[in-house]
Q: 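Got a structure here, written out as structure tokens. Questions coming.
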Amino acid sequence: MAKKLLTSFFILAAIATNAQTDTLHGNRLDEVVVTANKYPQKQSTTGKVITVINKDQIEKSSGKTLSQLLNEQAGVTINGALNNAGAVQTIYVRGAASGRTLILLDGIPVNDPSMINNEFDLNLFSLDNIDRIEICKGAQSTLYGSDAIAGVINIITVSQDVAKAVNVKATLSEGTFGTFKGNVQLFGKKDKFTYSVRHARLFTNGFSSAYDSTGNKRFDKDRYDGNVTNAQLLFQASPALSLKSFIMYSKYKADIDAGVFTDEKDYSISNSSFTSGAGFTYKKSIATINGTYQFSQLTRDYLNDSIYKTSTIFEDNRYFGKTQFAELYTSLKVLKPLTLLAGADYRFSSYDNHYYSVSSFGPYSPKPFDASLHQEAVYSSINYSSANSKLNIELGGRINKHSRYGTNNTYTFNPSYAFTNQMRVFASVASGFKAPTLYQLSINENLKAEKSVNYEGGLQFNNEKISSRAVFFNRKINNGIDYNYISFKYFNYVKQVVDGLELETTVRPVKQFTLSANYTWIAAEETTQNRVTNKDTVTYDYSLRRPAHTINASIGWQPSNQLYVSITGKYVSSRKDVGGYQKADVLLKDYFIAGAHADFTLNKYVKFFADSQNIFNTKFFDVRGYNSIPAMFNGGVVLSW
């Protein structure tokens, strides 16, 4: 099947390359982006690899979660996106391990300092509360600091494309497994104020998270109930000065199971996140100054009650984390072809943990854990754009000071050149780093930052009918952080080399049809501790849970202004997962799943939609011992006035 799907992809790309020039609504690879260099610019003037998911694409994904939408992008694998609601969402970008992709909320880093790898839980976002997503792949630590080894994902919730003083939008839908999705938005612009308030809820009875390999143990369904509320207020104090404030509160409760192939009937997790802050933008003549402060607190509570007894009779595990982020930076157009960016940021994180359990060995209550760290950094970049905008070069660097291990630095060099208005080449050499987390430092205080070097180059073709991009990348890590099962400590030892290829194409042969496809190939080598013996060093020619081949494809048809229909397909090649403690890794089989979506606009106030996933009810596994989604259906209505 893999060969057939690869052949289909290249046939589609060939069709795209030979398509006749006509009119295409929108130029997806020349949109204005903000993530590349922290100021608005056209994609054609940066050599960075950026994928934009716009509002229209988000609205046509109304039956999906944020993780499922990200999981369809080239180079991105969200392990857990196709599991039961509330499952752990592990982000793998370009074969990098978890915690090596930085999540941004409106350009500001967010993370959970109580997590082992500092990740942020994507379950705490609602797709309905998002206006736009920008994925910037490759090492981005020069501008965005720690964790941006494989890239950054910027989740943008603020929209300034507002005309009326009062706008209301509501979405209601129901689906398989008693799933309910609801969203209400109030937004508008009046005089100098622009505001937005949104609330979203997702509830589902779900299915069993753990897989019953015998088929007769009657594993129970695992519910999920989540709410997300966010608000923004923008005030244009003067033509030059704008002020902003923002707040987001997310909370969900999910039933979970005891582990692989193991049910648990009274085990749950309750996660919450509160984020708030304020900022300003001052733009005058050739200079723009931006300042932001953000505060976040996060809780994670695991409760295993005593009604249904497994090896654990009772468990109460509570985490509480805090982060603070402050940044001030300026972009200055010093000469016509040159833009100088310079800035500084401060990051603080802390968390504490309280644990109590009862098992057959008796009660266990270790001393509560409490720790904190901080980082300060200065960074700058120079961006050159020739008079005809054909040649663009970015050169930048960062110096980062960490309260535990000291100082490290990063750099980036990123040129691009447009041969014509339709074709350009780009390249990049950049370094990235990941600071050790509080949890890892609590076990080994001598850890240093994990460092990487990223090389990439590519070709982009874009006209009124076609958007195509091909990118080759290579990433090397020589001091990756991993766990040593002999010393029972984290250590700087892992070596990883990843080569990869990303192919993307969007074709519109006629006005009514849109064909899109992307293919990702990853070849990885990781030198680390032998997972079977724990006694020697082994070089694995694969990465756990990260497929070597992934294909995503979709066909969209819009026969009228009212009706839109699409069919999607996803192929994931075989890959290895952990077989257990001191056991050989196991093979997860390849799979292909298909989905469909339709929406019908009745008038400017009412739109109906229907969405189905895994329409052939394919049985597959993304994580050993855990169920993936069966055939699922969701349908509803969007009301606007």
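For clarity, every value in this text was computed on a predicted model and none was experimentally measured. Just so you know, these numbers use all the heavy atoms, side chains as well, and skip hydrogens, waters and symmetry mates.
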Q: Check for a donor-acceptor pair, side chain of Q496 on one end and backbone N or O of G95 on the other, with a separation under 3.5 Å.
A: yes

Q: Please check: side-chain N/O of Q440 versus main-chain N/O of T437, any donor-acceptor pairing under 3.5 Å?
A: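 Checking the backbone N and O of T437 against the side chain of Q440, a donor-acceptor pair under 3.5 Å is found.
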
Q: Can you tell me how the ring of F419 sits relative to the ring of Y417, calling it parallel under 30°, perpendicular over 60° and tilted otherwise?
A: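 Rings of F419 and Y417: perpendicular, as their planes differ by over 60°.
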
Q: What I want to find out is whether E394 reaches K48 closely enough, with some N-O distance under 4.0 Å, to be called a salt bridge.
A: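 Yes.
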
Q: Any side-chain heavy atom of I522 within less than 4.5 Å of one from V498?
A: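 A side-chain contact under 4.5 Å exists here.
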
Q: For the side chain of R469 and the backbone of S467, is there at least one donor-acceptor N/O pair under 3.5 Å apart?
A: no

Q: Checking N492 side chain against N479 main chain: does a donor-acceptor pair fall under 3.5 Å?
A: yes

Q: If you take all heavy atoms of S67 and Q89, which pair is closest and at what distance?
A: OG-OE1, 2.8 Å

Q: Measure across F621 and L588 and return the closest heavy-atom pair with its distance rounded to 0.1 Å.
A: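 It is O-CD1, 4.0 Å.
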
Q: If you count heavy atoms of other groups shown closer than 6.0 angstrom to CD1 of I382, is the number above 12?
A: no

Q: With sequence neighbours excluded, give me every salt bridge (Lys or Arg N to Asp or Glu O under 4.0 Å) pair touching residues 141-159.
A: D147-K434

Q: Do S468 and T505 meet the criterion of a side-chain donor-acceptor pair at a distance under 3.5 Å?
A: yes

Q: Please determine, by modelled atom types, if Y490 and N484 share a side-chain donor-acceptor pair under 3.5 angstrom.
A: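 Short answer, no.
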
Q: Please check: side-chain N/O of N400 versus main-chain N/O of N409, any donor-acceptor pairing under 3.5 Å?
A: no

Q: Would you say that T275 contacts F325 through its side chain, given a criterion of any heavy-atom pair below 4.5 Å between the two side chains?
A: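 Of all side-chain heavy-atom pairs linking F325 with T275, none is under 4.5 Å.
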
Q: Does the E59 side chain pair with the main chain of D56, one donor and one acceptor, at a distance under 3.5 Å?
A: no

Q: Counting C-beta onward and ignoring hydrogens, is there a side-chain heavy-atom pair between N154 and I133 closer than 4.5 Å?
A: no

Q: Looking at A344 and V378, what are the two nearest heavy atoms and their distance?
A: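 Closest heavy-atom pair between A344 and V378: CB-CG1, 4.0 Å.
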
Q: If we only count heavy atoms from C-beta on, is the M423 to L459 side-chain gap below 4.5 Å?
A: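 A side-chain contact exists here, since the closest heavy-atom pair is under 4.5 Å.
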
Q: With side chains defined as the heavy atoms from C-beta onward, is the minimum distance between N129 and S126 less than 4.5 Å?
A: yes

Q: Taking the six-membered ring of F461 (Phe, Tyr or Trp), confirm whether the NZ or CZ of R424 is under 6.0 Å from its centre and within 45° of its axis.
A: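 No, R424 and F461 do not form such a contact.
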
Q: Are the charged groups of E376 and K401 less than 4.0 angstrom apart, N to O?
A: no

Q: Can you tell me if E526 uses its side chain to pair, donor with acceptor, with the backbone of S543 under 3.5 Å?
A: no

Q: Is K576 positioned over the aromatic face of Y542, cation under 6.0 angstrom from the ring centre and no more than 45 degrees off axis?
A: yes

Q: Distance from Y493 atom OH to T527 atom OG1, nearest 0.5 Å?
A: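 These two atoms lie 7.0 Å from each other.
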
Q: Give a yes or no on whether the backbone of F295 and the side-chain of K322 come within a donor-acceptor separation of less than 3.5 Å.
A: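 Such a contact is absent between K322 side chain and F295 backbone.
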
Q: Do the side chains of T51 and K137 get nearer than 4.5 Å, heavy atoms only?
A: yes

Q: Hey, could you give me the CG/CG distance between N446 and L441, rounded to the nearest 0.5 Å?
A: 9.5 Å

Q: Is the NZ or CZ atom of K38 both under 6.0 Å from the centre of the six-membered ring of Y329 and within 45° of that ring's axis?
A: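 Here K38 passes the 6.0 Å and 45° test against Y329.
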
Q: Establish, for the pair R546 and Y92, whether the NZ or CZ atom is under 6.0 angstrom from the six-membered ring centre and no further than 45 degrees off its axis.
A: yes

Q: Looking at I53, D106, L104, V52, which hits side chain to side chain contact (heavy atoms under 4.5 Å, CB included) with I156?
A: D106

Q: Within a strict 4.5 Å, meaning less than it, do heavy atoms of the L105 and F120 side chains meet?
A: no

Q: Counting distance only, does the side-chain N/O of K448 pair as donor-acceptor with the main-chain N or O of G406 below 3.5 Å?
A: no

Q: Thinking salt bridges, do E450 and R100 make one under a 4.0 Å N-O criterion?
A: yes

Q: Does a side-chain N-to-carboxylate-O contact under 4.0 Å join K64 and E72?
A: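 E72 and K64: salt-bridged.
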
Q: Kindly give the heavy-atom pair with the smallest separation between P109 and R347, and that separation in Å.
A: CG-NH1, 3.8 Å

Q: So, R398 side chain and L143 main chain: donor-acceptor pair closer than 3.5 Å or not?
A: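 Pair found, side chain donor or acceptor close to backbone of L143.
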
